[in-house]
2 protein chains.
Amino acid sequence: MERLFQSVRITINDKLYVKDPESSNLGKRIVEESIFMINDFGFESFTFKKLGQKIGSNESSIYRYFENKHKLLLYLASWYWGWLEYQLVFATNSIPEANSKLERAIEIVTQATEIDLAFTHINEVLLNKIVINEYSKSYLTKEVDQENKDGYFVIYKRLVNRMSLMINEVNPDYPYSSSLASTIIEGALHQYFLMDHFSSLTSCNKKITPTEYFKHLTFNTLNIKKNG
Amino acid sequence: MERLFQSVRITINDKLYVKDPESSNLGKRIVEESIFMINDFGFESFTFKKLGQKIGSNESSIYRYFENKHKLLLYLASWYWGWLEYQLVFATNSIPEANSKLERAIEIVTQATEIDLAFTHINEVLLNKIVINEYSKSYLTKEVDQENKDGYFVIYKRLVNRMSLMINEVNPDYPYSSSLASTIIEGALHQYFLMDHFSSLTSCNKKITPTEYFKHLTFNTLNIKKNG
DNA sequence: CAAATATAATAGTATTACTATCATGTTATA
DNA sequence: TATAACATGATAGTAATACTATTATATTTG
């Protein structure tokens, strides 16, 4: 990513943390190392105690940044979706034509993630893997309605809505734009998961990308002839 | 469901249980009550100890049927997918024409679940809710590859493959049949979840069903004109 | 230099997810 | 009907988890 973005910060609901992890070195290391650890061992095996040991800090110090690991996961996911949203807006903003705009948007949300050098303490490629493997767990809970009210999912919802609006621009008569938008975003995560673990359940592989599949799906559903 | 099915049994990988819960009264009550409890309190809060208390049995007795609650979830999910598969095969078997067959198949896997009186100790409606809210957690684990090798997901995979084959029959040139099949099945669960908790992210509601959305999506993607 | 603040160290608690052992009840069969 | 085999129940115990609380020690700031 370009130098321009240097000063961009992803703004996250401040109820998701006790103390802003961006405000100190320790906070950044908590975020940085938690991404590695959740990737390596999975969210279930990940604990604040182990994280403390790895970063040479104390369990109790981590609790001063995040109430619990569930909120840390929500924080990481919000960061990821905020980062994606930024890329989406930046990449599509200057495209006036609705079809091309939507096409670019589908690319952004379904493409394999690349490292963004603007955020040194966050590995976006690993964060994408966390989102693929763990994001569902953040909302498949009994507390989801309260947490939704508290705004823990606003960025994700905004992203889906942006996609939905672009779908509407392409075909204002299409009656399922919200469902199609959520299908693309959630479905892309799922297709990547299947590529890794259930290859017989997906048509995607090294040659056929989820992007290609979702572009075809979208533009055919909207009855638009594309050759992409 | 009809009397014919009385003798039908859903066959589940015997590695998923220590002792077949269908083989005793206690076993059936474990399955029956676990469905209620997981629904009421969510999978995270559900424990064998609490289940034991509820059914007037002992924690240690439950462990003689299931190694742990993860395997119980896999058992319940397998049962659900096996039950759906049975309905799918039964409902589509006699339809010779490919389009109508696929249409019926989409209805089966995306419709709201109804009670099946053939299985008295299993509440299919609640089980469907469990699958919507908890199924992802059964495969979003670090052990997924080993468990896949051990055949814990065979029924689910078979179901997706059946859908995929029906898609192929409708349009042999369509190159993404497996992805579309997995998108429909997983996507339907997701749309139902969104209807309950994130209504702004779905176009489905009391009037527009997930079935309608997925039929439209599928037949337009396959370039088949339908009015359904 | 004192006060405020951040971090570390240690201890403690309730709960979870089991395992192990032994007792009791039930059923099958000789 | 006696006895073995098996199913279930009761109790205890363990290591780990997910915290909370308290106190000590750095570090920063005014």
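Labels below follow one simple rule: chain letters A, B, ... track the order of the sequence lines, proteins then strands, and each chain is numbered from 1. The structure displayed is predicted, hence computed values, not measured ones.
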Show your working on side-chain contact (heavy atoms from CB on, under 4.5 Å) between Met163(B) and Ile184(B) and close with a plain yes or no. CA-CA 9 Å; Met163(B) 286 291 296; Ile184(B) 294 167; 4.1 Å; yes

Side chain to side chain donor-acceptor pair (under 3.5 Å) evaluation trace for Ser24(A) with Tyr65(A): CA-CA 10 Å; Ser24(A) 78; Tyr65(A) 285 86; 2.5 Å; yes

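A salt bridge between Lys207(B) and Glu212(B) is absent, with no side-chain N of the basic residue lying under 4.0 Å from a carboxylate O of the acidic one. A salt bridge between Lys142(B) and Glu44(A) is absent, with no side-chain N of the basic residue lying under 4.0 Å from a carboxylate O of the acidic one. Using a 4.0 Å cut-off between charged side-chain N and carboxylate O, Arg104(A) and Glu107(A) make a salt bridge. Electrostatic pairing of Lys71(B) and Asp150(B) does not count as a salt bridge here, judged by no charged N lying under 4.0 Å from a carboxylate O.
Residue-to-nucleotide proximity on DNA chain D shows that, of Ser24(B) and Glu67(A), the 5′-proximal contact is made by Ser24(B).
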Contact list (N/O, under 3.5 angstrom) for nucleotides 9-11 of chain D vs protein:
from	atom 1	to	atom 2	distance (Å)
dG9(D)	OP2	Ser57(B)	OG	2.3
dG9(D)	OP2	Ser61(B)	OG	3.1
dG9(D)	O6	Arg64(B)	NH2	3.0
dA10(D)	N7	Asn58(B)	OD1	3.4
dA10(D)	N6	Ser60(B)	OG	3.4

Between protein and nucleotides 25-30 of chain D, what N or O pairs are separated by less than 3.5 Å?
none

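Judged purely by atom type and a 3.5 angstrom limit, Ser164(A) has no side-chain atom pairing as donor or acceptor with the backbone of Ala181(A).
Protein chain A contacts DNA chain C over a range whose 5' and 3' limits, counting nucleotides with an atom under 4.0 angstrom from a non-hydrogen atom, are dA6(C) to dT10(C).
Residue Tyr65(B) places none of its side-chain N or O atoms closer than 4.0 Å to OP1 or OP2 of dA7(D).
Residue Tyr135(B) forms a ring pair (Phe, Tyr, Trp, His ring centres under 6.0 Å) with just one option from Tyr80(B), Tyr156(B), Tyr192(B), and that option is Tyr156(B).
Defined by atom type and a distance below 3.5 Å, a donor-acceptor pair is missing between the side-chain atoms of Thr183(B) and Tyr176(B). No side-chain N or O of Ser138(B) forms a donor-acceptor pair with one of Tyr152(B) less than 3.5 Å apart. Of the N and O atoms on the side chains of Glu147(A) and His70(A), at least one donor lies less than 3.5 Å from an acceptor on the other residue. For the residue pair Gln191(B) and Ser179(A), a side-chain donor N or O sits within less than 3.5 Å of a side-chain acceptor on the partner.
Taking atom NZ on Lys69(A) and atom C1' on dA18(D), their separation rounds to 9 Å, with Å as the unit. With rounding to whole Å, Tyr63(B) atom OH is found 14 Å from dG13(D) atom C1'.
Contacts between residues 134-148 of chain A and DNA chain C, defined by a heavy-atom separation below 4.0 Å, involve no residue at all. The stretch residues 33-50 of chain B touches DNA chain C through Thr47(B), Lys50(B), each having a heavy atom under 4.0 angstrom from the strand.
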Report all side-chain donor-acceptor pairs from residues 56-63 of chain B shorter than 3.5 Å, counting only partners two or more places apart or in another chain.
from	atom 1	to	atom 2	distance (Å)
Asn58(B)	OD1	Ser60(B)	N	3.1
Asn58(B)	OD1	Ser60(B)	OG	2.7

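At least one side-chain heavy atom of Trp81(B) sits under 4.5 Å from a side-chain heavy atom of Ile185(B).
Figure legend: cation-pi geometry between Lys69(A) and Phe43(A), with NZ or CZ positioned under 6.0 Å from the six-membered ring centre and within 45° of its axis.
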